[in-house]
There are 2 protein chains.
Amino acid sequence: MNTTAYRRFSLDEAVDWVKHLCESKGCSPAVANSLAHATVAAQARGNQAVGFRHLADYLPGFSSGRIHPRVEPRICRAGAIIFKSDAQGGIAQLGVDRCFDSLCHAAHVNGMATLSQCNSFTSGELGDYTLRFAQAGLIALAVANGPALVAVPGARGKTYSTNPISFAAPSADGVPLLFDQACSATAFVNIAHAASTGSGIPEGWAVDQYGNGTRDALAALSGALLPFGGQRGANLMLMVEVLAAGLTGANWSLDAPAFNQGGQSPGCGLLILLLAPTYFSEGFEQRLANQMVRLTQMGVHRPGWERQQATVNAQNDGIRISVDLLEQLSRL
Amino acid sequence: MNTTAYRRFSLDEAVDWVKHLCESKGCSPAVANSLAHATVAAQARGNQAVGFRHLADYLPGFSSGRIHPRVEPRICRAGAIIFKSDAQGGIAQLGVDRCFDSLCHAAHVNGMATLSQCNSFTSGELGDYTLRFAQAGLIALAVANGPALVAVPGARGKTYSTNPISFAAPSADGVPLLFDQACSATAFVNIAHAASTGSGIPEGWAVDQYGNGTRDALAALSGALLPFGGQRGANLMLMVEVLAAGLTGANWSLDAPAFNQGGQSPGCGLLILLLAPTYFSEGFEQRLANQMVRLTQMGVHRPGWERQQATVNAQNDGIRISVDLLEQLSRL
């Protein structure tokens with residue numbers, strides 16, 4: 001019997017470890033830096049599915065050509081408040097990083113701004129983007145698409161990606177409100193992880209290849225995910241698809257090449273809307289902080305709170321990654 | 001036994017009928033006109049809950065002071081793209097109507113614009129607003145709040161309104177994509193209607209006053225609605241609350257006076273975000289039309305399609321309202 005062994009990193013050490021790993025796969029310093037910061041931040045928040053584990057999708061992606069390891073996003077502005085990024089087959093994170101300061105400035109000066117990005121690998125953790133904008137005093141709403149994985153009830157075949165929505169808002173208590181959730185009943189990585197560990201999955205997550213509900217993760221992998229919340233969830237998925245693919249000019253989920261095989265970029269889309277609260281009402285951040293006290297006292301779950309606590313813990317104590325995973329990543 | 005009798009109106013006749021009814025309750029011509037157009041449009045789309053039936057909430061509201069019948073919204077701009085309306089205790093529709101042309105112009109000139117409104121009666125049919133902006137070539141996302149009616153699983157008491165989300169996007173085939181859905185498992189009006197007709201309600205819609213699930217509409221009326229889709233739906237409700245109340249300066253749902261009793265305005269909030277597709281990618285409307293053909297051929301429900309058909313039918317054949325409802329409204 002094995003017991004799991006872990007290696008502990010400080011956050012800076014973890015960033016350096018991922019950077020070197022990425023550079024060893026041919027990544028430019030800029031690509032390696034963007035991906036390493038996003039990966040370690042997700043891991044520090046306890047969002048393991050898009051932390052180190054997600055590197056198992058990126059590293060073979062760089063080698064196979066599904067992700068261009070050195071490309072710079074092509075960025076342009078359409079007027080004062082619309083920023084457009086063509087990721088040109090590279091990672092999603094670099095385009096956001098390249099525009100971040102200008103976007104914040106544009107939103108603070110005009111009240112709103114938007115980043116519209118096409119042609120990237122899958123968008124990673126949307127909550128990483130929205131949280132950073134909230135930390136800069138902005139309300140952020142982000143949506144993204146990717147290869148089709150979800151079957152809408154009543155329709156044939158897979159039509160949408162998990163089409164996640166993330167929302168973050170700054171609060172005077174220093175902990176932004178933050179959620180980041182798929183419009184599918186679960187994220188694809190959770191099915192893949194269950195399949196790799198031989199676990200079952202809850203009812204309502206997925207259908208098998210014949211369109212029948214299944215609790216078998218392997219059967220779900222050859223089937224499709226389901227939306228959360230029935231027709232309402234399916235409508236939200238379509239909204240995300242229209243904003244993240246239709247508006248940005250990215251591939252529709254139906255047309256996106258796979259993110260985990262082949263040599264083509266999935267060509268995903270990402271849209272981030274920013275609102276500057278000071279343009280709308282005075283004292284927004286204090287008012288939100290007060291309201292969150294009332295709601296949590298009533299027992300309402302405050303999304304983002306645990307992730308903030310996890311980040312503080314990770315800043316103090318570092319993060320623990322299983323040696324098996326580190327070895328697996330090093331071998332990829 | 002009674003058989004139901006109906007009166008048929010052309011759309012213009014119906015607007016005139018509602019205008020006169022509103023004016024008889026003390027409404028200014030502007031208030032009567034805005035409410036009449038919104039009501040008849042909802043009825044023509046087949047959205048009965050916010051059509052003529054909803055006048056049973058408005059008319060006593062005007063008499064009781066819950067809705068100011070003659071007030072003009074106070075409108076100001078914060079820069080080029082942010083429009084703010086203080087409805088001052090009046091209806092929600094007039095503020096949107098007063099800003100509509102300027103909002104369209106600002107969005108087409110800058111790529112984005114927003115209307116932020118506080119202090120109104122409940123917002124009526126959000127789909128009426130988003131559809132009109134889509135017909136003007138814009139993508140529109142609208143959210144609204146109101147008095148607390150929904151209990152979030154795990155929390156004590158009601159914390160949110162049904163907190164609806166509406167989305168509309170223009171398509172080259174002339175039929176905008178359009179949905180307008182509560183973040184609760186159903187709309188409050190559907191519970192109230194079931195209670196008034198003695199019908200049961202489906203499981204998952206509501207809890208009774210003790211927090212237990214119920215299929216009895218009367219028990220649900222003294223209990224609370226539930227969100228759709230569990231924690232994901234509850235998170236969306238919180239997002240709507242932050243945007244529609246936090247950002248606009250409207251009452252939090254927790255603090256909003258009832259919309260159906262007392263003499264105080266519920267002081268609701270409404271936020272409408274507008275995006276001009278031409279700023280983002282070429283040929284958006286044609287691309288969306290093509291994609292909707294593919295999706296509907298796969299069996300995906302196209303939201304907004306039936307409502308467009310219903311409107312065309314209503315334009316040709318008029319609308320039918322039960323004589324009982326007309327008499328009830330006339331007596332209010």
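Keep in mind it's a predicted model, so treat the numbers as computed, not measured.
Only the backbone of B:Ala245 has a heavy atom closer than 4.5 Å to any heavy atom of chain A. For A:Ala151, no part lies under 4.5 angstrom from a heavy atom of chain B. Contact of B:Ala250 with chain A is made through the backbone alone, with heavy-atom distances under 4.5 Å. Using a 4.5 Å cut-off between heavy atoms, A:Phe83 does not touch chain B at all. For B:Met292, the part lying near chain A is the side chain, with the backbone staying farther off; criterion is any non-hydrogen pair under 4.5 Å. At a 4.5 Å heavy-atom cutoff, A:Ala80 makes no contact with chain B through either its backbone or its side chain. In this structure, chain B has a heavy atom under 4.5 Å from the side chain of A:Phe167, while its backbone stays farther away.
The stretch residues 108-118 of chain B places B:Asn110, B:Gly111, B:Met112, B:Ala113, B:Thr114, B:Ser116 near chain A, each with some heavy atom under 4.5 Å from a heavy atom of that chain. Contact annotation for residues 267-275 of chain A against chain B (heavy-atom separation below 4.5 Å, listed by residue number): A:Leu271, A:Leu273, A:Leu275.
Checking side-chain atoms of B:Arg294 against main-chain N and O of A:Leu254 turns up no donor-acceptor pair under 3.5 Å. Between the side chain of B:Arg232 and the main chain of A:Ser184, a donor-acceptor pair closer than 3.5 Å is present. Between the side chain of A:Arg156 and the backbone N or O of B:Val300, no donor-acceptor pair lies under 3.5 Å. The backbone N or O of A:Gly246 sits less than 3.5 Å from a side-chain atom of B:Arg287, completing a donor-acceptor pair.
The choice from B:Gly233, B:Ala185, B:Gly157, B:Pro153 that makes the most heavy-atom pairs within less than 4.5 Å of chain A is B:Ala185. When each of A:Gly154, A:Gly229, A:Ala155 is checked for heavy-atom pairs under 4.5 Å with chain B, A:Ala155 comes out on top. Between chain B and the options A:Pro277, A:Ala169, A:Gly249, the largest number of non-hydrogen pairs under 4.5 Å is found for A:Gly249. Residue with the most contacts toward chain B among A:Thr248, A:Leu141, A:Ile139, A:Leu236: A:Leu236 (heavy-atom pairs, distance under 4.5 Å). Contact count against chain B (heavy-atom pairs under 4.5 Å) is highest for A:Leu247 among A:Thr296, A:Leu247, A:Val242. With chain B as partner, the option from A:Gln297, A:His301, A:Gln291, A:Lys84 having the largest number of non-hydrogen pairs under 4.5 angstrom is A:Gln291. When the candidates A:Ile165, A:Asn235, A:Leu243 are compared by the number of heavy-atom contacts under 4.5 Å with chain B, A:Asn235 comes out ahead.
The shortest distance between side-chain heavy atoms of B:Glu241 and A:Leu295 does not fall below 4.5 Å. Counting heavy atoms from C-beta outward, B:Trp252 and A:Asn290 have side chains that stay 4.5 Å or more apart.
For B:Glu306, the CD atom counts as densely surrounded, since its 6.0 Å shell holds more than 12 non-hydrogen atoms of other residues, nucleotides or ligands.
Atom-to-atom distance recorded for B:Gln231:CD and A:Phe228:CZ is 10.5 Å, nearest 0.5 angstrom. With values rounded to the nearest 0.5 angstrom, A:Phe179 atom CZ is found 5.0 Å from B:Met239 atom CE.
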